[in-house]
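Please read the structure below before turning to the comments.
For ligands, and for the atoms within them, numbers begin at 1 and follow the listed sequence.
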Amino acid sequence: MNAAATAHTHCLRCGRTLTSTKSQATGYGPKCAAKVRKAPIETTDYKAHQIASAQELIEDGAIILIRNNVFAAVSTDGTETHLVHPAACNCKAGLKGTRCYHQLAARMLLAA
Ligand SMILES: [Zn+2]
Ligand SMILES: [Zn+2]
């Protein structure tokens with residue numbers, strides 16, 4: 001089985017070994033997934049569809065911490081990887097200074 005690109009063996013948040021297939025797909029154990037989902041962050045600057053996209057990104061395990069406060073986010077079609085900081089992103093919207101959902105996802109993960 002060649003699922004290395006999408007399957008996670010350890011929780012992206014706490015580093016614990018992931019045992020269920022669902023957790024391996026999302027990259028978060030059940031407790032961490034719940035925390036990320038309820039992360040107490042200001043979402044008032046964002047539209048509902050951006051919040052949904054950010055949550056989807058996290059649940060798909062498509063955004064991972066690569067170093068302090070810097071995340072790598074894979075685009076929906078899997079062709080691009082963006083470097084994301086809670087206040088900056090190198091996607092098209094981010095480069096224009098727009099707050100993109102990648103930044104929101106990064107903030108959610110850091111707040112969790
Ligand atoms: Zn965890
Ligand atoms: Zn972005």
Side-chain angles (χ1 to χ4, degrees):
M1 187 173 98
N2 184 18
T6 49
H8 300 269
T9 53
H10 293 87
C11 179
L12 296 170
R13 183 167 175 272
C14 70
R16 269 191 219 164
T17 309
L18 297 173
T19 48
S20 82
T21 321
K22 186 172 180 264
S23 300
Q24 287 168 352
T26 62
Y28 296 94
K31 278 188 190 158
C32 289
K35 279 196 178 157
V36 168
R37 210 170 234 294
K38 291 189 200 123
I41 69 147
E42 280 287 321
T43 51
T44 45
D45 299 339
Y46 289 92
K47 296 190 168 65
H49 74 90
Q50 289 183 300
I51 296 168
S53 296
Q55 285 173 339
E56 200 181 295
L57 197 66
I58 293 168
E59 279 167 25
D60 288 348
I63 178 163
I64 52 164
L65 187 65
I66 50 172
R67 55 176 185 267
N68 249 0
N69 288 352
V70 182
F71 295 82
V74 183
S75 65
T76 333
D77 57 9
T79 56
E80 281 177 285
T81 303
H82 304 300
L83 278 181
V84 191
H85 179 270
C89 178
N90 70 352
C91 73
K92 260 186 212 158
L95 289 175
K96 275 192 248 165
T98 309
R99 288 188 196 222
C100 58
Y101 70 87
H102 303 118
Q103 293 167 52
L104 177 60
R107 286 166 60 187
M108 284 176 170
L109 290 174
L110 290 173

Candidate pair Gln55 and Met108, rule side-chain contact (heavy atoms from CB on, under 4.5 Å), full reasoning: CA-CA 8 Å; Gln55 285 173 339; Met108 284 176 170; 4.0 Å; yes
Working for side-chain contact (heavy atoms from CB on, under 4.5 Å), residues Lys92 and Glu80: CA-CA 11 Å; Lys92 260 186 212 158; Glu80 281 177 285; over 6 Å; no
Check against side-chain contact (heavy atoms from CB on, under 4.5 Å), Leu65 and Leu12: CA-CA 8 Å; Leu65 187 65; Leu12 296 170; over 6 Å; no
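For the Zn ion (ligand 1), protein N, O or S atoms closer than 2.8 Å were enumerated as Cys11 SG, Cys14 SG, Cys32 SG, with waters left out.
Neither Val74 nor Leu83 shares a network with the other; the hydrophobic side chains, linked directly or stepwise wherever heavy atoms of I, L, V, M, F, W or Y lie under 4.5 Å apart, form separate groups for each.
An angle of 110° is found at the Zn ion (ligand 2) between Cys89 atom SG and His102 atom ND1, rounded to 10°.
Between Ala106 and His85, the shortest heavy-atom distance links the atoms CB-C, 4.3 Å. Between Leu18 and Cys11 the shortest heavy-atom distance is CG-N, 3.5 Å.
Within the coordination shell of the Zn ion (ligand 2), defined by N, O or S atoms under 2.8 Å, Cys100 is present.
Expressed to the nearest 0.5 Å, how far CG of Leu109 lies from CD1 of Ile64 amounts to 11.0 Å.
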